Chemist: 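Pasting a structure here, questions to come.
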Amino acid sequence: MAECILATRGLTKRYGPRAAVDHVSLTLEKGQIYGLVGRNGAGKTTIIRMVTAQTNPTSGEIALFGASTPAGLNKMRARVGAMVEIPSFYPYLTARENLEYYRLQRGIPGARVVGEALEAVRLAGTGKKKFKQFSLGMKQRLGLALALMNQPELLLLDEPINGLDPEGIVEFRNLLLDLCSRRQTTILISSHILSELSALATCYGFLDGGRLLEQISAEALHEKCRACLELQVGDPASAARVLENTLGLRDYEVLPGGVLRLYGSEEPDRVAKALVEGGVSLRGVESRGANLEDYFLNLIGGVRHA
Amino acid sequence: MLDYIRAELYKVTHRAYPYVFLLLMLAGETLLAGGWVFTNAHGNRITFASGAGMVVMILSMGLYCTILVGDMVFSDQFRHNTLKNEVSFGLPRGRIYLGKLIVACVTAICLCAVVLIYYLGLCRLVLPGEAGDLETLKAVALAVLAALPLWLGGQALMIALYFLLRSGTAAAIVGVVIFLAVPQVWYVLACTVSDVFWVLHGVMLSTPLDEINTVTAFGPFLAKTAATGAGWFLAATAAGLIGFRRREIS
């Protein structure tokens with residue numbers, strides 16, 4: 001069984017009567033890239049802020065690397081790199097000075113780690129330019145450099161690609177994939193840019209209204225989103241016989257309630273005709289299949305406007 | 001804690017603020033001493049004793065400088081939202097608070113030493129000396145020694161205010177009110193309403209600094225300023241620590 005890096009149990013954060021996070025229980029295992037999916041205000045940032053001690057949970061429990069006491073959690077946070085909301089640094093210091101300040105503060109040995117972190121995010125050439133003169137993309141890169149500087153085992157990234165240019169997004173994605181494969185870094189990444197998440201995540205948590213609606217692996221999600229023809233039949237056994245013997249199809253599954261899911265790109269008309277001619281009572285035919293965006297929208301009950 | 005203090009000192013020494021502050025103070029002192037040299041050249045007689053004795057008259061300024069030093073070290077952390085980088089790494093809030101307080105005190109003492117040494121050295125260089133100069137220096141040293149705990153108490157109060165109030169400007173205004181206006185309120189109430197207010201007036205940080213010119217017995221006075229400064233230091237630090245522990249970083 002993979003090592004559990006981060007687990008929350010019944011994690012709740014209330015602001016007055018409103019629950020920003022409502023009894024969320026999620027688990028991150030070592031080496032996972034966990035995509036936290038949700039609209040603005042769904043509770044993604046609040047969860048990360050609770051894990052990083054920026055705000056206290058109203059109730060529930062957080063366990064980091066197995067530690068769940070306040071002192072234990074604080075100790076384990078040194079193994080975490082985080083970039084929460086807009087990166088914040090001292091405006092009157094340069095990129096190198098800002099990182100050097102945090103390196104000293106965190107007791108990270110070796111001044112070269114600052115240069116390496118800046119190299120990794122392509123900010124090594126910013127020289128005497130102060131943070132206040134940085135573009136949003138550069139600020140994001142510096143935030144990522146700080147998150148990576150202590151070689152974290154768990155990386156928490158809140159909307160990390162905001163402000164990055166297309167080239168920066170590709171580099172950022174490759175960097176994360178590299179960290180995950182080379183160092184087995186576990187990554188929690190929240191975003192509402194779902195196409196980007198789908199290129200990275202190995203596991204998803206879908207949030208809406210502060211509640212975790214579903215936690216699912218990328219494989220299971222891919223399986224659920226596969227293009228298929230869903231057939232509602234009276235006798236699944238007879239239908240399966242027709243599919244195999246008449247049409248030569250093998251890639252299907254039988255679900256409860258007389259439902260048959262036929263994967264591939266079969267013509268619905270051809271399948272329906274064969275089933276009817278084979279004496280199968282056909283009650284319905286529907287083409288299914290979704291991407292991450294469709295899946296999420298279906299999960300939260302369609303598009304809602306605030 | 002040592003790492004934290006090193007980092008804070010690194011930050012303070014890598015910004016222009018302390019150097020600009022120091023430059024302005026030294027320029028002011030140079031201007032003052034230059035003015036005396038000018039008047040001496042036109043028949044006046046300002047001696048080293050009178051020039052150095054000015055230090056005792058303006059010790060209250062040290063309290064107001066704690067507002068600037070506090071700002072220098074705390075560095076508008078709420079406005080720049082940089083505290084999240086510290087707490088998310090698991091640095092205990094007590095360490096963050098005490099680290100900044102220690103660095104503020106160290107910075108204040110260093111700046112104070114430079115300003116005083118420069119001023120006294122300048123006076124020694126440009127003003128005529130007299131037989132009793134050593135006595136003057138001793139009196140100045142005693143007055144500074146008496147003021148030091150009050151300044152440190154003021155520094156602890158300012159750090160607490162910067163941590164507890166979201167706005168640095170608001171913290172500075174509250175600081176000025178506590179240093180300047182509140183003792184005056186107690187004074188007026190003591191004169192017009194009840195003698196009880198003399199007690200409150202007596203424990204304010206600025207009250208002993210106003211009395212320093214008239215002190216005859218320095219021993220009890222030193223004990224009084226040490227007790228007043230320590231009281232403010234401990235109370236402000238306790239309040240600041242409790243408030244900061246509960247604070248949400250947003």
Side-chain angles (χ1 to χ4, degrees), chain A residues 13 15 45-46 48-57 64-65 67 70-94 96-109 111 130-132 142-143 146-147 149-150 152 154 156 158, chain B residues 1-21 71-103 106-107 162-163 166 168 241-250:
Chain A
K13 179 69 186 178
Y15 294 102
T45 302
T46 309
I48 295 178
R49 288 184 64 224
M50 284 191 278
V51 175
T52 53
Q54 292 176 45
T55 189
N56 296 319
L64 259 177
F65 301 101
L73 278 171
N74 251 359
K75 200 173 166 190
M76 292 307 161
R77 284 187 180 110
R79 296 163 69 180
V80 178
M83 190 168 113
V84 188
E85 296 171 303
I86 299 163
S88 304
F89 291 94
Y90 294 104
Y92 43 81
L93 296 181
T94 64
R96 188 171 291 275
E97 286 170 347
N98 265 302
L99 289 194
E100 178 63 12
Y101 165 73
Y102 286 111
R103 184 189 75 79
L104 290 170
Q105 190 186 74
R106 297 172 178 193
I108 301 170
K130 308 283 187 205
F131 179 72
K132 63 183 167 196
L142 189 59
L146 176 63
M149 199 168 63
N150 57 325
L154 170 64
L156 304 172
D158 182 26
Chain B
M1 180 59 110
L2 278 178
D3 287 334
Y4 194 87
I5 291 171
R6 273 178 69 202
E8 286 299 313
L9 287 173
Y10 175 88
K11 182 183 74 186
V12 171
T13 53
H14 277 74
R15 60 186 307 199
Y17 200 154
Y19 305 107
V20 172
F21 170 78
D71 184 39
M72 209 178 279
V73 173
F74 189 74
S75 315
D76 261 339
Q77 297 237 55
F78 289 122
R79 186 153 69 90
H80 303 316
N81 206 10
T82 42
L83 276 171
K84 70 178 180 186
N85 295 337
E86 305 182 15
V87 297
S88 65
F89 188 70
L91 296 179
R93 292 194 180 204
R95 188 188 302 171
I96 295 172
Y97 188 96
L98 295 175
K100 286 195 198 302
L101 176 61
I102 291 168
V103 171
V106 168
T107 308
Y162 283 117
F163 266 101
R166 184 150 287 280
L241 269 171
I242 292 167
F244 182 52
R245 274 182 202 278
R246 291 177 184 165
R247 169 147 226 156
E248 300 234 328
I249 310 294
S250 59

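Throughout, protein chains are lettered first and strands after them, A, B, ... in sequence-line order, and every chain is numbered starting at 1. Because the structure is a prediction, the values reported are computed rather than measured.
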Chemist: For the candidates Arg15(B), His14(B), Glu8(B), which exhibits the highest count of non-hydrogen atom pairs separated by less than 4.5 Å from chain A?
Modeler: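 Of the candidates given, the most pairs with chain A belong to Arg15(B).
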Chemist: Would you say Lys84(B) and Glu85(A) make side-chain contact, with heavy atoms under 4.5 Å?
Modeler: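 SC-SC contact between Lys84(B) and Glu85(A) confirmed.
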Chemist: List the steps, then state whether side-chain contact (heavy atoms from CB on, under 4.5 Å) holds for Leu99(A) with Leu146(A).
Modeler: CA-CA 6 Å; Leu99(A) 289 194; Leu146(A) 176 63; 4.0 Å; yes
Chemist: With chain B as the partner, which of Arg103(A), Glu100(A), Lys75(A) has the greatest number of non-hydrogen pairs under 4.5 Å?
Modeler: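 So the answer, after comparing Arg103(A), Glu100(A), Lys75(A), is Glu100(A).
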Chemist: Is Leu73(A) close to chain B through its backbone or its side chain, or both, or neither, when contacts mean heavy atoms under 4.5 Å?
Modeler: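 No part of Leu73(A) comes within 4.5 Å of chain B.
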Chemist: Counting only non-hydrogen atoms closer than 4.5 Å, does Phe89(B) touch chain A with its backbone (N, CA, C, O), its side chain (CB onward), both, or neither?
Modeler: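 Interface part for Phe89(B): both.
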Chemist: Can you see which heavy atom on Ile96(B) is nearest to which on Leu91(B), and at what distance?
Modeler: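 What the structure gives for the nearest pair is CD1-O, 3.8 Å.
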Chemist: Check whether any side-chain heavy atom of Phe89(A) sits under 4.5 Å from a side-chain heavy atom of Tyr101(A), and report yes or no.
Modeler: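 No; the side chains remain at least 4.5 Å from each other.
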Chemist: Does Leu101(B) reach the side chain of Val73(B), with side-chain heavy atoms less than 4.5 Å apart?
Modeler: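 No, side chains not in contact.
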Chemist: Hey, which of Ala53(A), Gly143(A), Pro70(A) has the most heavy atom pairs under 4.5 Å with chain B?
Modeler: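 Greatest number of close heavy-atom pairs with chain B: Ala53(A).
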Chemist: Can you tell which part of Asn150(A) gets under 4.5 Å to a heavy atom of chain B, answering side chain, backbone, both or neither?
Modeler: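 For Asn150(A), the contact with chain B is made by the side chain alone.
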Chemist: Quick check on Arg93(B) against chain A: is it the side chain, the backbone, both or neither that has a heavy atom closer than 4.5 Å?
Modeler: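 Side chain of Arg93(B) only, per the 4.5 Å heavy-atom cut-off to chain A.
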Chemist: Can you check whether Tyr90(A) and Phe131(A) have ring centres sitting under 6.0 Å from each other?
Modeler: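 Ring centres of Phe131(A) and Tyr90(A) not closer than 6.0 Å.
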